[in-house]
Amino acid sequence: MANQEQLKLKLNQMKEFVRMLDSSAEKYGDPTLERFLIARSMDPNKAAKMFVSWQKWRTSFVPLGFIPDSEVVQQLEPRKIFLQGLCNSGHPLMILSASKHYPAKDHHQFKKFVVHLLDKGIASGIRGTEIGNEKIVAIIDLQKLGYKNVDAHGFISGFQFLQMISRFLEKATLNKIVIVNNEEQRKQFVIEVGKEALPEEFGGNAKLVALQDVEAPRLEC
């Protein structure tokens, strides 16, 4: 009870700091704001500054509130990202086919694509209202990966987003990254993910569903 009261106090302090920075957190639930507190070691002032900076970035980079398919056509055309529904953990399963990715000519569009796929992936797993700990299970398929697929600029852009996102990830989540490279690991991988969401190519029962073919609500940010 004491911990919950302390958390509520810090959330209220954070909201007040956000107001002092001429912004508002009214449309965001406490679970979402709590992530900013965790990312800033439960310091309400630092969390508020981080939250407001994120709001400004989001407003400038995603002015419509979402990134439509029409703005990332070049990245969608190879059909390299798949969204498979919910896996055994209850989180959306996203598959990235590395062999279908080629160095981006438009790096700004590539960054938009990263936001687009993350938004859509997270939104596909929301049932009703946000709970603040929405997650995605991602599989990166490195089969048939060749030199032509190496994208230094794309790697840097993706790494920048990963750095930003990793602040919100629990250490236990970061430790769940697994490389599957033998039959025993593959069998365990199938059990953990679940055959219902896993495509036939990976030992499951589902068909691959390209990101652009999935209907998902818009993520409210």
Please name all residues satisfying side chain to side chain contact (heavy atoms under 4.5 Å, CB included) with Lys10, sequence neighbours left out, ordered by chain then number.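 Expected list: Gln6, Gln13, Leu37, Met42, Pro44.
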Using a side-chain heavy atom cutoff under 4.5 Å and only I, L, V, M, F, W and Y, what cluster partners does Met20 have?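 Listed partners: Phe17.
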Whichever hydrophobic residues join Leu9 through chains of side-chain contacts under 4.5 Å: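 Members besides Leu9: none; it forms no cluster.
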Strictly below 4.0 Å, N to O, side chains only: are [X] and [Y] in salt-bridge contact?
X	Y	value
Glu16	Arg19	yes
Lys100	Asp141	no
Lys8	Asp30	no
Asp106	Lys111	no

Is there side-chain contact between [X] and [Y], with heavy atoms separated by less than 4.5 Å?
X	Y	result
Ile95	Leu208	yes
Ile139	Leu96	no
Asn205	Glu196	yes
Lys80	Gln75	yes
Leu76	Leu211	yes
Phe110	Val72	no

State, to 0.1 Å, how close [X] and [Y] come at their nearest heavy-atom pair, and which atoms those are.
X	Y	result
Val137	Ser89	CG2-OG, 3.9 Å
Leu86	Pro92	CD2-N, 3.6 Å
Ala25	Val18	N-CG1, 4.0 Å
Glu71	Lys112	OE1-NZ, 2.9 Å
Ser124	Gly121	OG-O, 2.7 Å
Ala123	Arg218	CB-C, 4.5 Å

Donor-acceptor pair, Ser41 side chain versus Asp43 backbone, under 3.5 Å?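 No; zero donor-acceptor contacts below 3.5 Å.
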Between Ser60 (side chain only) and Trp57 (backbone N and O only), is there a donor and an acceptor less than 3.5 Å apart?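 Pair found, side chain donor or acceptor close to backbone of Trp57.
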Glu192-Gln188 side chain donor-acceptor pair, cut-off 3.5 Å: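 Note: Glu192 and Gln188 side chains meet the donor-acceptor criterion.
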Test salt bridge (Lys or Arg N to Asp or Glu O under 4.0 Å) on Lys187 and Glu184 and set out the steps. CA-CA 5 Å; Lys187 289 179 180 178; Glu184 190 60 35; 5.0 Å; no
Specify whether His116 and Phe113 have parallel, tilted or perpendicular ring planes, treating 30° as the upper limit for parallel and 60° as the lower limit for perpendicular.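 It falls in the parallel class, under 30°.
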Going by the angle between their ring planes, with limits at 30° and 60°, are Tyr28 and Phe51 parallel, tilted or perpendicular?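 Rings of Tyr28 and Phe51: perpendicular, as their planes differ by over 60°.
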